[in-house]
Number of protein chains: 2
Amino acid sequence: MTDATAYHPSARARIKRNPKRAEYDRATIHAILDAAAVCHIAYVIDGQPYCTPTLHWRDGERLYWHGSSASRMLRNQARSLPVCLTVTHLDGLVLARSAFNHSANFRSAMVFGTAHLVEDAEEKRRALEDVTDRLFPGRRAELREMTTQEIKATSVVAMDIEEASAKVRAVNVGDDDEDGHLPVWAGVIPVRQVIGADWPSPLLPATTPRPAHLAPFAEGRSLDDALLETAGLWRP
Amino acid sequence: MTDATAYHPSARARIKRNPKRAEYDRATIHAILDAAAVCHIAYVIDGQPYCTPTLHWRDGERLYWHGSSASRMLRNQARSLPVCLTVTHLDGLVLARSAFNHSANFRSAMVFGTAHLVEDAEEKRRALEDVTDRLFPGRRAELREMTTQEIKATSVVAMDIEEASAKVRAVNVGDDDEDGHLPVWAGVIPVRQVIGADWPSPLLPATTPRPAHLAPFAEGRSLDDALLETAGLWRP
């Protein structure tokens, strides 16, 4: 952990359970966020917590996501809303020689901040252009311009990263010493998000080639790798 | 949606955005929950929302999960805690002929309830036996008994499903009619969680066979399918 590039967590972001798995390094946390298309956002309305999945994207220290219940809340009742945005990658099931030491390999990042609605039409247009550029660099050049009506019909929420922490488990099974001799199969069953074979639009002429800008999303590749590549192509 | 087996959502669980994608059918919601090992849980401590990932399992209308910050909260401050537990499967990136109609295929389930700590030692033992049986039916017979100390060292939280809703998008691209002719590649890039090649414990004798009870977790298979199979083997 390089201090100059680490987040400094206060009590809410500091990891108490299994602190040996905690990371506050900025690059680690950014990579966990960027390798995922989907995050989960916790927020509170009238004392009731909600956990909403949505597509997110990161621009430096700012996170954006598409409309959700939170945006309805922001439009109608509040100018800003405390949220916790979490991204989790399940990387494997860890099977130990005892029930107790079964575990999972994973990378998760938890970000705290204050969400607000992007209301300015030009800022919203830029944000919506950014999400296409960030996920599919090169694609926007092939698309028609967004209409004013389309921009109006979309909600975009933005949040600066106030605090963040990550938790990572990426090792083989951790059995107790006295269990090591037990005649039980132990190890990790890895899991990853894998890109499948395209399902082209049925209206697409059969001669339409898959565009070069989709090369990062090759069949059989991990989605993590594809998303990290396109994040790097967008903001090298 | 068969009414007799559907959840009846109040305002908090009713889906307002894109209601055509809403489902309240019990079997649909259970299958989304059961096909995932990891959920995200939203809860509130001192007005601050938290979004914590954890392993969950379902027994009928009750959900369980392992210790988390919520369990610390439950142990120290409160007897019960309102939570929202969400499971999301990303099934594909949907590339449209306009930026506006880009989307994602997914299945998500959002469950509302009141979490409480499982404190009774025998109930906790049963719950911890259940998670092994549910994920890896047949495995527990090969493992030593859990010790009293191990049971004490684990937190288990339980929650009955009070309300639930699901959102599912599982179709090809939905372009506006006037965009259908545009010479742009459109379609779905599917994504799934896939099981990889075992990473056996380095301490494992090379002659140790992979046990038959792990057959559902075959290399190349989708984790969803493996988890749905083991859920069915556990409570047929």
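Convention: sequence-line order gives letters A, B, ...; per-chain numbering from 1. Please read these numbers as outputs of a predicted model, since none were measured by experiment.
Going from atom CG of A:Asp179 over to atom CZ of B:Arg144 covers 4.0 Å, rounded to the nearest 0.5 Å. One finds the OG1 atom of A:Thr86 at 11.5 Å from the OH atom of B:Tyr50 (value rounded to the nearest 0.5 Å). Here A:Thr54 contributes atom OG1 and B:Phe106 contributes atom CZ; the two are 9.0 Å apart, rounded to the nearest 0.5 Å. One finds the SG atom of B:Cys84 at 7.0 Å from the CD atom of A:Gln48 (value rounded to the nearest 0.5 Å).
Of the listed residues B:Ala104, B:Gly92, B:Gly47, B:Ala197, the one with more heavy-atom pairs under 4.5 angstrom with chain A than any other is B:Ala197. Ranked by non-hydrogen atom pairs under 4.5 Å with chain A, the options B:Ala37, B:Pro183, B:Ala96 are led by B:Ala96. By number of non-hydrogen pairs under 4.5 angstrom with chain A, the leading residue of B:Leu135, B:Ile151, B:Ile15, B:Val44 is B:Val44. Counting heavy-atom pairs under 4.5 Å between each of A:Thr88, A:Leu223, A:Thr154 and chain B puts A:Thr88 at the top. In terms of heavy-atom pairs under 4.5 Å with chain A, the best-connected choice from B:Pro190, B:Pro82, B:Gly187 is B:Pro190. Note on B:Glu142, B:Glu150, B:Glu219: by heavy-atom pairs under 4.5 Å with chain A, the leading option is B:Glu150.
If you measure heavy-atom distances from B:Val184 to chain A, the contacts under 4.5 Å come from both the backbone and the side chain. Interface residue A:Ile195: backbone and side-chain heavy atoms are both found under 4.5 Å from chain B. Both the backbone and the side chain of B:Ala99 come within less than 4.5 Å of a heavy atom of chain A. Heavy-atom distances place the side chain of B:Leu214, and not its backbone, under 4.5 Å from chain A. Only the side chain of B:Leu182 comes within contact range of chain A, with at least one heavy atom under 4.5 Å from a heavy atom of that chain. Neither the backbone nor the side chain of B:Asp133 comes within less than 4.5 Å of any heavy atom in chain A. At a 4.5 Å heavy-atom cutoff, the contact between B:Arg139 and chain A is made by side-chain atoms alone. Only the side chain of A:Thr132 comes within less than 4.5 Å of a heavy atom in chain B; its backbone stays farther off. Heavy atoms closer than 4.5 Å to chain B are found nowhere in A:Asp91, neither backbone nor side chain. At a 4.5 Å heavy-atom cutoff, the contact between B:Ser108 and chain A is made by side-chain atoms alone. Proximity to chain A is limited to the side chain of B:His102, based on heavy atoms less than 4.5 angstrom apart. B:Leu93 touches chain A through its side chain: at least one heavy atom from C-beta onward sits under 4.5 Å away, while N, CA, C and O do not.
Considering only heavy atoms from C-beta on, A:Ser201 comes within 4.5 Å of B:Arg97 through its side chain.
Heavy-atom neighbours of A:Lys16 NZ from other residues, nucleotides or ligands within 6.0 Å: above the threshold of 12.
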Inset, instruction - Would you sort out whether A:Cys51 and B:Met110 count as a side chain to side chain contact (heavy atoms under 4.5 Å, CB included), showing the intermediate values? - result: CA-CA 7 Å; A:Cys51 184; B:Met110 192 181 274; 5.5 Å; no
Inset, instruction - Please lay out, stage by stage, how A:Asp198 and B:Val188 fare under the test side chain to side chain contact (heavy atoms under 4.5 Å, CB included). - result: CA-CA 6 Å; A:Asp198 286 344; B:Val188 178; over 6 Å; no
Legend entry - side chain to side chain contact (heavy atoms under 4.5 Å, CB included) between A:Leu95 and B:Phe136, worked out: CA-CA 9 Å; A:Leu95 289 90; B:Phe136 309 111; 3.9 Å; yes
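Contacts between residues 169-177 of chain A and chain B, counted as heavy-atom pairs separated by less than 4.5 Å, involve A:Ala170, A:Val171, A:Asn172, A:Val173, A:Asp176. Near-neighbour residues of residues 202-212 of chain B relative to chain A, defined by a heavy atom under 4.5 Å from a heavy atom of that chain, comprise B:Pro202, B:Leu203, B:Leu204, B:Thr208, B:Pro209, B:Arg210, B:Pro211.
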